[in-house]
Amino acid sequence: MALFGPTSGSTGVPKITTHFHRDILSIDNTFGRHTLRLRPDDLVSCTAPLAFTFGLGILVVCALRAGACALLTEAVAPEPLAELVAEAGVTVLATAPTAYRQILKAGKADRLHSLRGAVSAGEHIPEDVWEQLRAETGIKVIDGIGATEMIHIFISAAGDDIRPGSTGRPVPGYRATILDLDGEEVGPGVEGRLAVIGPVGCRYLDDRRQENYVVRGWNVTGDTFVRDEDGYFYYRTRTDNMIVSSGYNIGGPEVESAINTHPDVVESAVVAKPDPERGSVVCAFVVLVEGVVGDDAKVKDIQDHVKAQLAPYKYPRAVRFCEALPRNTSGKLQHFLLRRLVESEKENRA
């Protein structure tokens, strides 16, 4: 045994994952060598802490094996992060989609001029953010999905292999598929549960929840994806963040991406709010740009903005303004805390 890795707790009580020494090396043997491809002259920065497997992989395993240098920082907000990249001459940056979005909105994209590569971590990067980064910096951001259970990234793409909007294909060493609710594989174009097999697998420390994660040998991540004919995987939502309203399935990330394109919005998070007529409605928690007033007029403005981009039934019927969204120390949104908040309000009214 080499390490215990607690999960982020984005779905509730964290699990403790266990990893062997060979698992740690697999980070570089798979994603590191075939996708990230660090060089000895690289200076690498990652906003994920060393205590998280993503930070461990980028800053320690991949960097040291490549003979590169790692720039270690305390928690850095997006705008100071952009300045740090420019001042230190960082060549490869790994951070969350929210940080890239806020750097763009702050007009700081020019401070990323030293980068030859960038990785988006923690959440799926919206296609509009990816395209804007490429337009303003020339960088093709490496998106990828990983899990603490699998220690690091297992689906990704880099360079000319990237298809904007897609997370990518299984990195060498891994196989991935889409499963239906019965655990059967489905074909291209059909949404379902992402499942993966590779050199690393889920081993929880004395936790019965492993029986839900491992299904017929597949590691089922809790994400809804669809695969195309060429084997590229496209993210839809977290399985636990699919909102069912009046019989319609609404993916939270799609609504969040639409809200986040509003010029007055810094970021947003969408969850299901219990509703006696529709079963659930889309509830959006929104952080506004400093100085913008969150009143009824702004609610309608945001709702109309979403309606102009998505099918009308997907717009947020409830909009709440807040100063910040709940995140764990790796920067991942904790939707379960917001769901717990709106569900507790229903219980209190009852």
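- L104 is listed as a side-chain neighbour of E136, based on a closest heavy-atom distance under 4.5 Å.
- Between the D207 side chain and the R209 main chain, a donor and an acceptor come within less than 3.5 Å of each other.
- Here the side chain of Y315 pairs no donor or acceptor atom with the backbone of A308 at under 3.5 angstrom.
- Annotation: the span from R278 atom CZ to I243 atom CD1 amounts to 13.5 Å, rounded to 0.5 Å.
- Every residue two or more places apart in sequence or in another chain that forms a ring-ring contact (aromatic ring centres under 6.0 Å, His included) with F225 is listed here: Y235.
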For a quick test of your reading: what N or O donor-acceptor pairs under 3.5 Å do the side chains of residues 35-43 make, sequence neighbours left out?
| residue | atom | partner | partner atom | Å |
| --- | --- | --- | --- | --- |
| R37 | NE | H34 | O | 3.1 |
| R37 | NH2 | H34 | O | 3.2 |
| R39 | NE | D41 | OD1 | 3.3 |
| D42 | OD1 | T91 | OG1 | 2.8 |
| D42 | OD1 | R116 | NE | 2.9 |
| D42 | OD2 | R39 | N | 2.7 |
| D42 | OD2 | R116 | NE | 3.4 |
| D42 | OD2 | R116 | NH2 | 2.7 |

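- Remark: of the listed residues T18, T17, D23, D23 is the sole one forming a side-chain hydrogen bond (donor to acceptor under 3.5 Å, both in side chains) with R203.
- Taken to the nearest 0.5 Å, the CG atom of D228 stands 5.5 Å off from the CZ atom of R163.
- With a 4.5 Å cut-off on side-chain heavy atoms, V306 and Q303 do not count as touching.
- No donor-acceptor pair under 3.5 Å is formed between the side chain of N219 and the backbone N or O of G201.
- The hydrophobic clustering, which links ILVMFWY residues whose side-chain heavy atoms are closer than 4.5 Å, places L56 and F52 apart.
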K298 vs V292, side chain to side chain contact (heavy atoms under 4.5 Å, CB included): CA-CA, chis, key distance, verdict: CA-CA 9 Å; K298 185 55 61 180; V292 176; 3.8 Å; yes

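- Under a 3.5 Å cut-off, the side chain of Q309 and the backbone N or O of A258 do form a donor-acceptor pair.
- Closest non-hydrogen pair, V289 versus P263, comes out as CG2-O, 3.7 Å.
- Residue D230 places its CG atom among more than 12 non-hydrogen atoms of other residues, nucleotides or ligands, all under 6.0 Å distant.
- Between R236 atom CZ and N249 atom CG the span is 12.5 Å, to the nearest 0.5 Å.
- Not one N or O on the side chain of E83 forms a donor-acceptor pair closer than 3.5 Å with the backbone of R111.
- I178 and I197 fall into different hydrophobic clusters, where Ile, Leu, Val, Met, Phe, Trp and Tyr are joined by side-chain heavy atoms under 4.5 Å apart, directly or via other members.
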Criterion side chain to side chain contact (heavy atoms under 4.5 Å, CB included) on V44 and V90, from CA distance to verdict: CA-CA 6 Å; V44 186; V90 172; over 6 Å; no

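- Listed here is the closest heavy atom pair of P199 and T30: CG-CG2, 4.2 Å.
- Counting heavy atoms from C-beta outward, V220 and Y213 have side chains that stay 4.5 Å or more apart.
- Separation of atoms CG (L93) and CD1 (I142) is listed at 11.5 Å; rounding is to 0.5 Å.
- A side-chain donor from one of N29 and R65 sits under 3.5 Å from a side-chain acceptor of the other.
- Under the 4.5 Å side-chain contact rule for hydrophobic residues, I250 and L310 share a cluster.
- Remark: the backbone N or O of Y234 is not paired with any side-chain donor or acceptor of T167 at under 3.5 angstrom.
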Test log, rule salt bridge (charged side-chain N to carboxylate O under 4.0 Å, His left out), inputs E123 and R327: CA-CA 12 Å; E123 299 162 353; R327 294 181 178 274; 3.6 Å; yes

Step-by-step side chain to side chain contact (heavy atoms under 4.5 Å, CB included) determination, V196 to M150: CA-CA 9 Å; V196 61; M150 309 299 291; 3.8 Å; yes

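- Side-chain contact check for V60 versus L50: some heavy-atom pair is nearer than 4.5 Å.
- No salt bridge links E267 with R101; every basic N to acidic carboxylate O contact stays at or beyond 4.0 Å.
- Side-chain contact between S245 and D275: absent, with no pair of heavy atoms (C-beta onward) separated by less than 4.5 Å.
- No side-chain heavy atom of P49 sits under 4.5 Å from any side-chain heavy atom of F54.
- Counted by atom type alone, R169 and S156 present zero donor-acceptor pairs between their side chains at under 3.5 Å.
- With hydrogens and angles left out, the side-chain atoms of E256 and S268 include no donor and acceptor closer than 3.5 Å.
- Side chains of E149 and H19: no donor on one and acceptor on the other come within 3.5 Å.
- For Q210 (side chain) and Y204 (main-chain N/O), a donor-acceptor pair under 3.5 Å exists by modelled atom type.
- Remark: side-chain polar atoms of W130 are paired, donor with acceptor, to backbone N or O of V141 under 3.5 angstrom.
- Under the 4.5 Å side-chain heavy-atom criterion for Ile, Leu, Val, Met, Phe, Trp and Tyr, V200 and I16 are members of distinct hydrophobic clusters.
- Side-chain contact between V244 and S280 is absent, with no heavy atoms from C-beta onward closer than 4.5 Å.
- In this structure, T261 and H305 approach most closely via the heavy-atom pair OG1-NE2, 2.8 Å.
- Between E211 and R208, at least one side-chain N (NZ, or NE/NH1/NH2) sits under 4.0 Å from a carboxylate O, which counts as a salt bridge.
- For the atom pair I27 CD1 and I153 CD1, the distance stands at 10.0 Å (nearest 0.5 Å).
- Side-chain contact between Y232 and E229 is absent, with no heavy-atom pair separated by less than 4.5 Å.
- Of all heavy-atom pairs spanning H152 and T53, the tightest one is CD2-O, 3.3 Å.
- Closest of all the heavy-atom pairs between A118 and I139 is CB-CG2, 3.9 Å.
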Residue pair I145, L194: steps toward the side chain to side chain contact (heavy atoms under 4.5 Å, CB included) verdict: CA-CA 10 Å; I145 181 171; L194 178 66; 3.9 Å; yes

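- Closest non-hydrogen pair, S120 versus D143, comes out as O-OD1, 3.8 Å.
- Rounded to the nearest 0.5 angstrom, Q102 CD and L81 CG are separated by 10.5 Å.
- Other residues, nucleotides and ligands contribute only 12 or fewer heavy atoms inside 6.0 Å of the CG atom of D296.
- Between the side chains of H124 and D223, no donor-acceptor pair is found at a separation under 3.5 Å.
- Taking the charged nitrogens against the carboxylate oxygens, E184 and R216 do have a contact shorter than 4.0 Å, which makes a salt bridge.
- Counting only distance, with no hydrogens or angles, the side chain of D180 and the backbone of D182 share a donor-acceptor pair below 3.5 Å.
- For D295, the CG atom sits in a packed shell: over 12 heavy atoms of surrounding residues, nucleotides or ligands are nearer than 6.0 Å.
- Using bins of under 30°, 30° to 60° and over 60° for the plane-to-plane angle, the ring pair F154/Y174 lands in the tilted bin.
- Linking Ile, Leu, Val, Met, Phe, Trp and Tyr residues whenever their side-chain heavy atoms come within less than 4.5 Å places V342 and L325 in a single cluster.
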